J.: 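Questions regarding the structure given below will be posed in turn.
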Amino acid sequence: MARPRQHAPEALHAQVMSACDAWLQERPVHTLSLRSLARDVGCAPSTLLKLYGSFGNLLQHVNIESLASLRAAIDPLLDEAAPDDRIKALARAYWEFARREPFRWQLMFDYPLAQEGELDQRQNDMIEALFLRVESTLKEYQPTLDDLEARRLGRTLWGSVHGLVQLGLNERLGYWQSEPLEVEELLDKLLTTLLAGLRAGSGIS
């Protein structure tokens with residue numbers, strides 16, 4: 001009988017993440033299984049359980065990879081000079097990420113995030129870092145915002161953008177004169193309205 005293939009933990013983790021990425025390029029997470037992943041990387045399912053502890057923990061590592069990809073898409077936009085342009089660029093980047101990686105994006109929100117331990121801390125740190133980018137930009141645009149107001153507004157803004165993205169992916173935004181309403185146009189309308197409200201409230205001219 002042939003001996004099973006041996007993997008160093010780091011090399012196996014890289015293979016598993018690559019296999020998950022290939023799967024999620026074409027199929028949703030509910031079609032993925034520990035057995036199919038083990039087959040793709042050439043090991044036994046028990047080997048993956050030993051490495052990750054559970055299939056759920058394995059998927060949390062995929063979510064961390066997804067958050068890192070989203071951050072990589074957002075970070076270059078921080079060079080935008082004007083904060084209002086930056087906010088709009090961040091929203092468009094969020095939509096483009098979801099449209100480009102719909103099954104990864106779906107996994108982040110349809111599967112519960114980690115609840116404790118290192119995975120929970122890593123995910124929370126990455127999510128907070130993304131929110132801080134939005135909050136700092138809002139405070140730059142409207143210097144009178146305090147930290148709490150910026151936090152509330154940042155999450156309100158994200159919730160609104162997220163809703164439009166979700167509806168856009170599901171093609172539930174409706175039509176105008178037989179043509180589908182475009183996510184990009186609705187995002188621009190949302191942000192233009194919100195930023196105009198901030199400007200009017202602050203007396204910025």
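In this text, all values refer to a predicted model and were calculated from it rather than measured experimentally.
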J.: Of all heavy-atom pairs between Pro45 and Leu34, which one has the smallest distance, and what is that distance?
T.: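 In terms of heavy atoms, the two residues are closest at O-CD2, 3.8 Å.
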J.: Got a sec, which residues hit ring-ring contact (aromatic ring centres under 6.0 Å, His included) with His162, two or more places apart in sequence or on another chain?
T.: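 Trp105, Phe109, Trp158.
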J.: Do Ile87 and Tyr141 come within less than 4.5 Å of each other through their side chains, counting heavy atoms only?
T.: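 They are not in side-chain contact.
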J.: With a 4.5 Å heavy-atom cut-off, do Glu96 and Arg99 have their side chains touching?
T.: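 Yes, side chains in contact.
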J.: Got Asn63 and Leu119 here, is their nearest side-chain heavy-atom distance under 4.5 Å?
T.: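 In short, these two side chains do not touch, never coming nearer than 4.5 Å.
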J.: Enumerate the residue pairs fulfilling salt bridge (Lys or Arg N to Asp or Glu O under 4.0 Å) with a member in residues 16-35, sequence neighbours excluded, ordered by first and then second residue.
T.: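 Only Asp21-Arg104 qualify under salt bridge (Lys or Arg N to Asp or Glu O under 4.0 Å).
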J.: Tell me every residue that passes side-chain hydrogen bond (donor to acceptor under 3.5 Å, both in side chains) with Ser160, counting only those two or more places apart in sequence or in another chain.
T.: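 Ser160: no side-chain hydrogen bond (donor to acceptor under 3.5 Å, both in side chains) contacts found.
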J.: Please tabulate, for the side chains in residues 178-187, all donor-acceptor contacts under 3.5 angstrom to protein atoms that are two or more places apart in sequence or on a different chain.
T.:
| from | atom 1 | to | atom 2 | distance (Å) |
| --- | --- | --- | --- | --- |
| Glu184 | OE2 | Trp95 | NE1 | 3.2 |

J.: Do any N or O atoms from the side chain of Thr192 and from the backbone of Lys189 form a donor-acceptor pair under 3.5 angstrom?
T.: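 No, the answer is negative, given that no donor and acceptor are paired below the 3.5 Å cut-off.
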J.: State, to 0.1 Å, how close Arg133 and Thr137 come at their nearest heavy-atom pair, and which atoms those are.
T.: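 Taking every non-hydrogen atom into account, O-OG1, 2.8 Å.
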J.: Under 3.5 Å, is there a donor-acceptor pair between the side chain of Ser18 and the main chain of Ala14?
T.: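 Side chain of Ser18 to backbone of Ala14, a donor-acceptor pair under 3.5 Å: no, none is there.
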J.: What residue pairs, at least two apart or across chains, pass salt bridge (Lys or Arg N to Asp or Glu O under 4.0 Å) with a residue in residues 47-61?
T.: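 Listed by first then second residue: nothing to list.
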J.: With distance as the sole test, does Tyr94 use its side chain to make a donor-acceptor pair with the main-chain N or O of Val161 at under 3.5 Å?
T.: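 A pair under 3.5 Å: no.
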J.: Going by the rule salt bridge (Lys or Arg N to Asp or Glu O under 4.0 Å), which residues pair with Asp147 if we only count those two or more places apart in sequence or in a different chain?
T.: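 Partners of Asp147 by the salt bridge (Lys or Arg N to Asp or Glu O under 4.0 Å) criterion, ordered by chain and then number, come out as Lys139.
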J.: Any non-hydrogen side-chain atom of Cys43 less than 4.5 Å from a side-chain atom of Leu12?
T.: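 The answer is yes; the side chains approach within 4.5 Å.
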J.: Measure across Cys20 and Leu32 and return the closest heavy-atom pair with its distance rounded to 0.1 Å.
T.: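 Taking Cys20 first and Leu32 second, the nearest heavy atoms are SG-CD2, 4.3 Å.
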J.: Holding to side-chain hydrogen bond (donor to acceptor under 3.5 Å, both in side chains), I want the full list of residues that pass it with Asp125, two or more places apart in sequence or in another chain.
T.: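 Testing Asp125 for side-chain hydrogen bond (donor to acceptor under 3.5 Å, both in side chains), a comparison that skips the adjacent residues, returns Gln121.
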J.: Who are the salt bridge (Lys or Arg N to Asp or Glu O under 4.0 Å) partners of Arg152, not counting sequence neighbours?
T.: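 By the salt bridge (Lys or Arg N to Asp or Glu O under 4.0 Å) rule, Arg152 matches no residue at all.
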J.: Sort out for me which residue in Thr144, Asp84, Leu153, Thr193 forms a side-chain contact (heavy atoms from CB on, under 4.5 Å) with Leu198.
T.: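 Only match with Leu198 under side-chain contact (heavy atoms from CB on, under 4.5 Å): Leu153.
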J.: I'd like to know if Glu128 pairs up with Arg155 as an ion pair, taking the criterion as any Lys NZ or Arg NE/NH1/NH2 lying under 4.0 Å from an Asp or Glu carboxylate oxygen.
T.: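 Salt bridge present between Glu128 and Arg155.
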J.: Would you mind reporting whether Arg122 and Gln60 have side-chain heavy atoms less than 4.5 Å apart?
T.: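 They are not in contact (no side-chain heavy atoms under 4.5 Å apart), so the answer is no.
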J.: For His61, what residues pass the side-chain hydrogen bond (donor to acceptor under 3.5 Å, both in side chains) criterion, not counting sequence neighbours?
T.: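 Partners of His61 by the side-chain hydrogen bond (donor to acceptor under 3.5 Å, both in side chains) criterion come out as none, since no residue qualifies.
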J.: Quick check: do Leu157 and Leu191 have side-chain heavy atoms less than 4.5 Å from each other?
T.: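 They are in side-chain contact.
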J.: For the atom pair CG (Leu194) and NZ (Lys88), what is the distance rounded to the nearest 0.5 Å?
T.: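 Spacing of CG (Leu194) from NZ (Lys88) equals 10.5 Å.
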J.: Identify, with sequence neighbours excluded, every residue that meets salt bridge (Lys or Arg N to Asp or Glu O under 4.0 Å) alongside Glu140.
T.: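 Listed in chain order: Arg86.
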J.: So do the side chains of Leu37 and Phe55 get within less than 4.5 Å of each other, counting heavy atoms only?
T.: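 Touching, per the 4.5 Å side-chain cut-off.
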J.: Check whether any side-chain heavy atom of Ser66 sits under 4.5 Å from a side-chain heavy atom of Leu24, and report yes or no.
T.: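 Not touching, per the 4.5 Å side-chain cut-off.
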J.: So, using side-chain contact (heavy atoms from CB on, under 4.5 Å) as the criterion, who are the partners of Ser54 when residues are at least two apart?
T.: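 With neighbours one apart ignored, the set is Asn57.
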J.: Please list all pairs passing the salt bridge (Lys or Arg N to Asp or Glu O under 4.0 Å) test where one or both residues lie in residues 51-61, with sequence neighbours left out.
T.: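 Those involving residues 51-61 do not exist here.
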J.: Over all heavy atoms of both residues, which pair between Ala93 and Ile74 is shortest? Give the atoms and the distance, please.
T.: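 Heavy atoms of Ala93 and Ile74 come nearest at CB-CG1, 4.4 Å.
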J.: Kindly give the heavy-atom pair with the smallest separation between Gln106 and Pro28, and that separation in Å.
T.: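 Taking Gln106 first and Pro28 second, the nearest heavy atoms are OE1-CB, 3.7 Å.
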